[in-house]
Number of protein chains: 2
Amino acid sequence: MYDSNKNKVDIFAVAKRANVSISTVSRSFNHPELVNPATRKKIERAVRKLGYIRNRAAQTMHGIRSGTIGLVVPTIDHAIFAEVVQAFSDSVDAHGFTIMIASHGYDLEREYAVLRKFLEHRVDPLPLIGEDHSQETYELIERQNIPAVTMWNYSETSRLSCIGADNKMAGVLAAQHLVGLGHRDIGLLFPPTKDNDRARDRRSGVQKILLNAGININPDLDVESTYSIADAKSAALHLLRSPHRPSGILCGNDVLAMGVLYAARSCNLDIPQDLSVVGIGDFKGSSEVEPGLTTVRLPAREIGRLAGNHLSQSITGDLTNEQRVGCDIALIERGTCKPHFGVS
Amino acid sequence: MYDSNKNKVDIFAVAKRANVSISTVSRSFNHPELVNPATRKKIERAVRKLGYIRNRAAQTMHGIRSGTIGLVVPTIDHAIFAEVVQAFSDSVDAHGFTIMIASHGYDLEREYAVLRKFLEHRVDPLPLIGEDHSQETYELIERQNIPAVTMWNYSETSRLSCIGADNKMAGVLAAQHLVGLGHRDIGLLFPPTKDNDRARDRRSGVQKILLNAGININPDLDVESTYSIADAKSAALHLLRSPHRPSGILCGNDVLAMGVLYAARSCNLDIPQDLSVVGIGDFKGSSEVEPGLTTVRLPAREIGRLAGNHLSQSITGDLTNEQRVGCDIALIERGTCKPHFGVS
DNA sequence: AATAGTAATGCAAATGTTTTCATAAAACCT
DNA sequence: AGGTTTTATGAAAACATTTGCATTACTATT
């Protein structure tokens, strides 16, 4: 309507309408303090009238930050990463960044492909989930020399900066709790640990504790499930119908624990009377379910927020070298566990 | 390492190494059929050696598609949109697009701001959630003449293309079910309907049915809750402790229904014996919870997939005009409702 | 053998910005 | 009033590509 003739609304159109040069228009966007307030007003008016929108692509070409962040997560499909992603997003939004997101479905080849795609778009930093990445991925990141953080995991020897929790310790805490309550017939419900260091670490934590306590894991009571409530429920059903039903179940995360809760309910088993359950994660809903899920709290929102800040700063240059932040974790006792004094 | 001297790996570096002109390099990326296979090999090799990564920003500047899609959702934080987003993402990934995502927390002003940011990045299309958007937002989209779809809602009179379900009908189905079972003391648990046409439409659907059935809603039994399990649970608790406890509760969506289930459990009310509950959405987990949630199924994955395909095609030009797709919905009877023959 | 057509490539202009440098005008200081 | 600094602006180069046009070298066709 307004831009009737040649509806190409670029910086030239604005300059023309405001009777200034394009340099001035550009400056009025990027260094407003350098341009006369009156001129700025004129430009502002022209921008409004024409509906001009800056072209970040053209900016990016100058080696200027693209203002985008390439976030790659295993999945967006459920609770697990929802909170971190939301917190991360809020945190970087506040700094004016735009998030590109993609999921790889726990396939590290796809992760690499996604990363390349992101790099074509010249994302400023690259946040990842966890420590398990292909060799190619690590090399790509190092070669491009692009700021990267891994979220969700913490390790002193990580190859990249990391902000997260010690997953092995999470496993330890969960197992200690159950063992401390006297349970010895313990079932394990974990996700596949391939390409998933978080799950692997947690598992190794619980194994350590069980070993120390002289409890060995009955292979029949050691089952695997993907991160889906449906899957977890049917895997749990298998556990609960085992001839030697465990008195307690340790779950790789809260989604799986939820599956156990539902499975128990459908078998008319009372929790915690007939079965104790502990999860890891403390997702949304874990405290509301009845009885409230006893779990190890991983501070998802905090991790997301910290990672967001860290990256924003490492881009704007206030921060440069790598960094490892370990967030506190703790066992939250709610209603799914009770002491066990069975024969054994 | 490889690019030792002037570590600026651009198209020139590749051209030099492969002993061809930059035009040829560019062509070999974008129109491979125009370049001699042998040359292509040489270029390919140079690219590998140098670790060259194309710069999409430079491409975008030519008015070529940016290859990005700006997805703006109310929230990424829970189940509600997780499935649509994942399905949408998978669908457009397959076409080589990259998703930019942002959430606005049900604030239409923020939505507008996010949209502008996306447009600065020259996103190709703009998928939104629902029909409620500010006037400014609609004008921006129309003026920029950018393909947009709204997901999750369906209406014959929508201003933009839409792919989704008829939310009013969803409300109707939910209410009809409960009324059909003989319930007359019905509680309502809905989210705030401001800036949320989905919720508003559903509500209007149930109101219509209740009105038809001569049931009027006791204001005490008409409560509001944000989309959070915690909130929903405490709101539901309020309902269940009301002096005139309803025999059935209609929920604006499954997250809220979940809250009701948990609340009932914590009050030692049996579902469906003491209370019937129906949700809307059929999210992940709704079928696994015990008893399984009776709800109106909205095909989230299908909506996401269709919207993704629609946009991918409208970008690549195979498809141009707007379009309205209504997805089938249906009441799924599971275990949270039972007939009611109370005095009334 | 001459001509037309095609395949493969290079040159240079174009894309929409930012920024360095230069210049002009205004303000400040004796 | 003359010189100096400051403020405001513009011209043009730079950014990393794509692409239209021109050129060259082949391959068919008569």
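Just so it is clear, the structure is predicted and the values come from calculations on it, not from any experiment. Residue numbers begin at 1 in each chain, while the letters A, B, ... track the order of the sequences.
Evaluation of the side-chain hydrogen bond (donor to acceptor under 3.5 Å, both in side chains) rule for B/S312 yields no partner, not counting sequence neighbours. For A/N30, the side-chain hydrogen bond (donor to acceptor under 3.5 Å, both in side chains) partners are A/S26, A/R54, not counting sequence neighbours. For B/H133, the ring pair (Phe, Tyr, Trp, His ring centres under 6.0 Å) partners two or more places apart in sequence, or in a different chain, are B/Y138. For A/D77, the side-chain hydrogen bond (donor to acceptor under 3.5 Å, both in side chains) partners are B/K284, B/R301, not counting sequence neighbours. For B/R324, the salt bridge (Lys or Arg N to Asp or Glu O under 4.0 Å) test picks out B/E322, with sequence neighbours left out. Scanning for salt bridge (Lys or Arg N to Asp or Glu O under 4.0 Å) contacts around B/R122 gives an empty result, with sequence neighbours left out. Residues meeting the side-chain hydrogen bond (donor to acceptor under 3.5 Å, both in side chains) test with A/R116, sequence neighbours left out: A/Y112. For the ring pair (Phe, Tyr, Trp, His ring centres under 6.0 Å) test, residues two or more places apart in sequence or in another chain that qualify with B/Y227 are B/Y106.
Nucleotides of DNA chain C with any atom under 4.0 Å from a heavy atom of chain A span, from 5' to 3', C/dG16 to C/dT20.
With respect to B/E44 and B/R48, a salt bridge is recorded, a charged nitrogen being found less than 4.0 Å from a carboxylate O. Classification of A/R198 and A/E131 as a salt-bridged pair fails, no side-chain N sitting under 4.0 Å from a carboxylate O.
In this structure, A/L34 atom CG and D/dG10 atom P are separated by 14 Å, rounded to whole Å. The distance between atom CG of B/N55 and atom P of D/dA14, rounded to the nearest whole Å, is 18 Å. Distance A/K16 NZ to D/dG10 C1': 18 Å, rounded to the nearest Å. Atom CD1 in B/I53 sits about 14 Å away from atom P in D/dA16, given to the nearest Å. Atom CZ of A/R40 is separated from atom C1' of D/dT9 by 14 Å (rounded to the nearest Å). Atom CZ of A/F12 and atom C1' of D/dA12 are 11 Å apart (whole Å).
Residue-level contact check: B/T39 touches the backbone only, with heavy atoms under 4.0 Å from sugar-phosphate atoms and none from bases. If you check every strand for non-hydrogen atoms under 4.0 Å, B/Y52 touches sugar and phosphate atoms only.
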Please enumerate all protein N or O atoms sitting under 3.5 Å from an N or O of nucleotides 19-21 of chain D, with distances to 0.1 Å.
unit_1	atom_1	unit_2	atom_2	d
D/dT19	OP2	B/H31	NE2	3.2

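In the helix from C/dA1-D/dT30 to C/dT30-D/dA1, the end axes, each obtained as the rotation axis mapping the C1' atoms of four pairs onto the next four within a five-pair block, lie 30° apart to the nearest 10 degrees.
Comparing A/M61 and A/S21, the nucleotide of DNA chain D nearest to each residue sits closer to the 5' end for A/S21.
Counting only residues at least two apart or on different chains, the salt bridge (Lys or Arg N to Asp or Glu O under 4.0 Å) pairs with a member in residues 92-107 of chain A are A/D93-B/R110, A/D93-B/K117.
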